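Contents: one structure, followed by commentary.
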Amino acid sequence: MTRFYTIIILLSILSCRKDIEPKEPYFTFDEVSDQVLSGLKLNDSIHFEGSNGSIRTFKIFKIEKIKQTVQDCSWNFGTCEIYYHYDFMQIHFLRTDTIPPYPNSPITASLLKQMYLPSDIDKKNIPKDVQARMGVYGSSLVDFNIIPTQGPVPASPYITYPDYYVPINFTSFSNAVRTYAEVVIIKSGNNAVYVDPYSGHRYTVNEVWFDKKYGIVFFKNVFGNSWSRTN
């Protein structure tokens with residue numbers, strides 16, 4: 001009899017656990033996304049030397065990996081309807097070769113990657129077999145001068161990074177320390193300085209060499225100056 005009640009209790013516990021397990025899909029980083037930016041580590045220093053003798057250095061001071069949630073919340077009732085979860089990672093850089101005078105803030109930048117659903121998927125009705133893909137974004141390490149599409153919301157220049165789920169013809173970039181073997185050259189197609197009409201900021205970089213694991217390894221601007229990673 002005791003054994004019978006023990007089995008009933010265990011079945012009840014398992015049933016309760018099943019009820020409280022989240023039913024929303026969770027799109028985690030996959031094998032492809034695990035490789036992207038994998039060579040960048042906390043406290044790494046990244047050095048660029050310019051053809052004009054200038055130096056740019058960045059230090060990675062924070063790496064955040066977060067489980068994000070897509071949901072709709074009601075301000076009236078204080079409840080949320082959760083649709084799905086996805087992996088998100090942000091790498092934070094601090095520029096260390098130049099320090100703005102007080103009271104200006106230090107110059108920071110970031111690279112981000114996250115899992116995306118296909119654009120035609122309704123978040124409220126996600127098919128069970130849908131596959132999410134990883135995307136990279138963030139261009140504040142360099143002032144990329146692509147002219148953004150103008151719309152009702154002001155847009156800043158951005159870099160379109162490779163789709164690593166399709167075959168890519170990589171090139172390589174070498175310095176005195178190593179060879180970066182999985183590099184894609186990204187060009188803006190704009191040979192003039194782009195001036196942001198809202199902030200007045202000048203964007204001059206029109207070519208970026210981006211390595212799959214280590215990020216930007218080379219870039220040059222419309223004036224013919226270039227910067228190469230030296231470490």
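Note that the numbering runs from 1 along the sequence shown for the chain. The figures here come from the full heavy-atom set of this structure, side chains too, leaving out hydrogens, waters and symmetry mates. Not measured: the values here are computed from a predicted model.
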- prompt: If you draw the axis of the six-membered ring of Phe173, does the NZ or CZ of Arg178 fall within 45° of it and under 6.0 Å from the ring centre?
  reply: no

query: Is the number of heavy atoms from other residues, nucleotides or ligands under 6.0 Å of Gln68 CD greater than 12?
result: yes

- request: To the nearest 0.5 angstrom, please state how far the CD atom of Gln90 sits from the OG atom of Ser110.
  value: 4.5 Å

message: Using only atom types and a distance under 3.5 Å, with no angle test, would you say the side chain of Asn221 pairs donor to acceptor with the backbone of Asn225?
response: yes

task: Please test Val32 against Tyr165 for side chain to side chain contact (heavy atoms under 4.5 Å, CB included), starting from the C-alpha separation and ending with a verdict.
output: CA-CA 7 Å; Val32 173; Tyr165 293 87; 3.8 Å; yes

message: Measuring only between side-chain heavy atoms, which start at C-beta, is Leu37 closer than 4.5 Å to Tyr214?
response: no

message: Tell me the closest heavy-atom pair linking Asn145 and Ala192, and the distance in Å.
response: ND2-O, 2.8 Å

- prompt: Of the non-hydrogen atoms in Asn43 and Lys59, which two are nearest, and what is the gap between them?
  reply: OD1-CE, 3.7 Å

- request: Check the hydrophobic clustering (I, L, V, M, F, W, Y; side-chain heavy atoms under 4.5 Å; chains of links allowed) and say if Ile55 and Leu141 are grouped together.
  value: no

field: Distance-minimising heavy-atom pair for Ile126 and Pro25
entry: CD1-CG, 4.1 Å

query: Does NZ or CZ of Lys67 fall inside the cone over Tyr26's six-membered ring, less than 6.0 Å from its centre and within 45° of the axis?
result: yes

- prompt: Got a sec: does the NZ of Lys213 have more than 12 other heavy atoms crowding it under 6.0 Å?
  reply: no

- prompt: Within the distance-only criterion (no hydrogens, no angle test), does the side chain of Tyr137 pair as donor or acceptor with the backbone N or O of Tyr158 below 3.5 angstrom?
  reply: no

Any side-chain heavy-atom pair of Cys73 and Gln71 under 4.5 Å: yes

- request: Taking all heavy atoms of Met115 and all of Phe29, pick out the closest pair and write down the distance.
  value: SD-CD2, 3.7 Å

- prompt: Do Val36 and Ile63 share a hydrophobic cluster (ILVMFWY, side-chain heavy atoms under 4.5 Å, transitive)?
  reply: yes

task: Please report the C-alpha distance between Thr230 and Val177 in whole Å, then the side-chain angles of each, then the deciding distance to 0.1 Å, and finally whether the side chain to side chain contact (heavy atoms under 4.5 Å, CB included) criterion is met.
output: CA-CA 7 Å; Thr230 60; Val177 178; over 6 Å; no

query: If Ile, Leu, Val, Met, Phe, Trp and Tyr residues are connected whenever their side-chain heavy atoms lie under 4.5 Å apart, and connections chain through other members, are Phe218 and Ile168 in the same group?
result: no

message: Just verifying a value: how many Å separate Phe88 CZ and Ile66 CD1, rounded to the nearest 0.5 Å?
response: 6.0 Å

field: Ser172 and Val183: CA distance, side-chain angles, deciding distance, side chain to side chain contact (heavy atoms under 4.5 Å, CB included) verdict
entry: CA-CA 5 Å; Ser172 62; Val183 174; 5.6 Å; no

query: Just wondering, do His92 and Glu64 contact through their side chains at under 4.5 Å, heavy atoms?
result: yes

message: For Gly138, is there any backbone N or O sitting under 3.5 Å from a side-chain donor or acceptor partner on Tyr161?
response: yes

- request: Work out which heavy atom in Val217 is nearest to a heavy atom in Asp211; give both atom names and the distance.
  value: CG1-CB, 4.0 Å

- prompt: Only one of Ile186, Val222, Ile185 forms a side-chain contact (heavy atoms from CB on, under 4.5 Å) with Glu207, so which one is it?
  reply: Ile185

- prompt: Any link between Leu94 and Leu112 through a network of hydrophobic side chains (Ile, Leu, Val, Met, Phe, Trp, Tyr) touching at under 4.5 Å?
  reply: no

message: Donor-acceptor pair, distance only, cut-off 3.5 Å: does the side chain of Asn125 make one with the backbone of Asp122?
response: no

message: Using ring centroids (six-membered ring only for Trp), state whether Trp227 and Phe48 fall under 6.0 Å.
response: no

- prompt: Can you hop from Phe223 to Val195 via hydrophobic side chains spaced under 4.5 Å?
  reply: yes

query: Has the side chain of Asn231 got a donor or acceptor atom that lies under 3.5 Å from a matching backbone atom of Ser45?
result: yes

Main-chain N/O of Met134 paired with Ser33 side-chain donor or acceptor, under 3.5 Å: no

Residue of the set Tyr84, Tyr86, Tyr116, Tyr83 for which ring pair (Phe, Tyr, Trp, His ring centres under 6.0 Å) holds with Phe27: Tyr84

- prompt: Do Asp30 and Arg133 meet the salt-bridge criterion of a basic N to acidic O distance under 4.0 Å?
  reply: no

- line: For Pro118 and Val130 the tightest heavy-atom approach is CD-CG2, 3.9 Å

field: Inter-residue atom distance Arg229.CZ - Phe58.CZ, 0.5 Å rounding
entry: 11.0 Å

query: Taking atom types as modelled, is there a side-chain donor on Asn191 or Asn206 under 3.5 Å from an acceptor on the other?
result: yes

- prompt: CG of Leu40 to CG of Leu111: how many Å apart, nearest 0.5 Å?
  reply: 7.0 Å

- line: Rounding to 0.5 Å, atoms OG (Ser228) and CD1 (Ile216) come to a distance of 12.5 Å

- prompt: Among side-chain atoms of Asp143 and Thr204, is any donor-acceptor pair under 3.5 angstrom?
  reply: no

message: Within a 6.0 Å radius of atom CG on Asp120, are there more than 12 heavy atoms belonging to other residues, nucleotides or ligands?
response: yes

- prompt: Taking Asp97 for the side chain and Thr57 for the main chain, is one N or O donor matched with an acceptor at less than 3.5 Å?
  reply: yes

query: Given Tyr203 and Asn190, is the side-chain hydrogen bond (donor to acceptor under 3.5 Å, both in side chains) satisfied, shown in steps?
result: CA-CA 10 Å; Tyr203 295 84; Asn190 179 19; over 6 Å; no

message: Using the rule given for side chain to side chain contact (heavy atoms under 4.5 Å, CB included), can you reason through Val142 versus Ile159, listing the C-alpha separation, both sets of side-chain angles and the distance that settles it, and then say yes or no?
response: CA-CA 10 Å; Val142 297; Ile159 296 176; 4.2 Å; yes

query: What pairs of residues pass the disulfide bond (SG atoms under 2.5 Å apart) test when at least one of them lies in residues 168-231, not counting sequence neighbours?
result: none

message: For the residue pair Gln35 / Lys212, report whether a side-chain donor-acceptor contact shorter than 3.5 Å exists.
response: yes

- prompt: Do Lys113 and Asp87 sit within salt-bridge range, that is, some charged N less than 4.0 Å from a carboxylate O?
  reply: no

Ring geometry between Phe170 and Tyr164 (parallel below 30°, tilted from 30 to 60°, perpendicular above 60°): parallel

message: Quick check against the 3.5 Å criterion: does Ser199 have a side-chain atom that pairs as donor or acceptor with the backbone of His201?
response: yes

statement: CH2 (Trp209) and OH (Tyr180) are apart, to the nearest 0.5 Å, by 13.5 Å

